Amino acid sequence: MNDHKIKNIFVEGAISSQKIAESIQSHSSKKEIGGHSIFLGQVREDVLEAGKVIQIEYTAYVDMALEKMQIIREDVFSKYPLSCMHVYHSLGKVNAGEICLFVFTSSKHRKPAIDACAELVERIKQELPIWGKEILENENSQWKENN
Amino acid sequence: MNDHKIKNIFVEGAISSQKIAESIQSHSSKKEIGGHSIFLGQVREDVLEAGKVIQIEYTAYVDMALEKMQIIREDVFSKYPLSCMHVYHSLGKVNAGEICLFVFTSSKHRKPAIDACAELVERIKQELPIWGKEILENENSQWKENN
Amino acid sequence: MEQALIRLMCFGMLEEITGFKERQLIGKQDTDQFRIWLNDEFPELQKIDFVIAVNRKLINQNTVLKNEDEVALLPPFSGG
Amino acid sequence: MEQALIRLMCFGMLEEITGFKERQLIGKQDTDQFRIWLNDEFPELQKIDFVIAVNRKLINQNTVLKNEDEVALLPPFSGG
């Protein structure tokens, strides 16, 4: 634990393109920024043996995920000269084609923004206690496995 | 040269966050996509010896830039399994804090999208005949140099 | 000696297997004792890949359990 | 022999130095001849870093110039 306030990353349902636009727009006042890197995770309509995925329902161990995200955030801030870092992840139901993960880093130069964003995405996928349950068109479901 | 239609990448003035949102939104129907990677170049309010940068005015050798971009596009498409690739660059005046470059790649999995986007940004900066003239607050100007 | 009362939580597919999301559990001195109880109570968990967190930190060795500790069973993560 | 009429273009700071964006030029058989003419006409260009494109391709060796070729002087790129 540390002295910093724990930031929330979770949003209910899909992340809208409007929210992403607003987040980008809000950085126009930060005039020391030269590059933004963004990663968006989109729910895939995978066709599994058991059927076609139409939705993923996300659950998380929220308290642990936020504590872990705080550690990741501090690691990445100390490794790269970033102006900003924003992370949002969906909870609950997200339809195929909708956005479930939004990672946004900004820096004076492009390289730290790009590298930090890529590293954040990997760590979020590997280290945050979040689970996706794939809802199939035939009303069956199965638990997602990350590769 | 090749058989493909040459795509335009140039837009007059800054690239709006609304345009970026619309571009993201339009991919929600492509349900095989699992990850999008986006790079945004933002005009920095650099403080130079000669004064503070308030705007960059971009010019380009448009025909050559579009031909070169077509080659880069095909190289990157043949190297990474991408669903989509979009590149936009400003011409004319872009104020500090505004977006002048928008690179957007999408793939089934995150890694090709992220790697392709990073490679595109490098190649665009190094290989496209585009020039930025930094307009200073004291009405002087100087030609930008990429690092 | 007072017995530790822990808060036991299950996530993802483990909630479906055990049939509970959260319950209280008493009398387990450490995570090794806890694992023995878990295997007795839910033998089907032996086929499942999962890790244990105590107070929101993953553990990889036997850990003493204190009163009000939060013990969570976590299947492989699949966020993003 | 008919003399090639080429289209000569300057970009970025080179447009400011030469004072033109585009003009026609006649009688240069290849890019080596063209460079000699350029150095005579604009000696200040010798201090400037630039490359030459013929028909929108960068050249790195002497290149024959044909009628209607597009010859461009390009200072270091600074897009993005």
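Computed from a prediction, not measured in an experiment: that's the story for all the values here. In what follows, chains are A, B, ... by sequence order, proteins preceding strands, each numbered from 1.
- A distance of 10.5 Å separates CG of B/Leu40 from CD1 of A/Ile33, quoted to the nearest 0.5 Å.
- Residue-level contacts of residues 77-107 of chain A with chain B, in order of numbering, are A/Ala96, A/Gly97, A/Ile99; threshold 4.5 Å between heavy atoms.
- Within the 4.5 Å cutoff, the side chain of A/Lys108 has heavy atoms near those of the B/Arg44 side chain.
- Ranking B/Ser16, B/Gly41, B/Gly35 against chain A, the residue ahead of the rest is B/Gly35, based on heavy-atom pairs under 4.5 Å.
- Heavy atoms of A/Ser37 lying under 4.5 Å from chain B belong to its backbone as well as its side chain.
- Contacts between B/Glu32 and chain A at a heavy-atom distance below 4.5 Å involve the backbone alone (N, CA, C, O).
- The side-chain heavy atoms of A/Ile20 and B/Ile24, taken from C-beta on, include a pair separated by under 4.5 Å.
- For the side chain to side chain donor-acceptor pair (under 3.5 Å) test, no residue two or more places apart in sequence or in another chain qualifies with A/Glu134.
- No more than 12 heavy atoms of other residues, nucleotides or ligands lie within 6.0 Å of NZ in A/Lys111, so this atom counts as exposed by the packing criterion.
- No side-chain donor-acceptor contact under 3.5 Å links A/His27 and B/Gln42.
- Ranked by heavy-atom pairs shorter than 4.5 Å toward chain B, the options A/Lys30, A/Lys31, A/Glu45, A/Glu22 are led by A/Lys31.
- Inter-residue side-chain proximity for A/Gln25 and B/Gln18 is flagged as unmet; no heavy-atom pair is nearer than 4.5 Å.
- No side-chain heavy atom of A/His36 sits under 4.5 Å from any side-chain heavy atom of B/Phe39.
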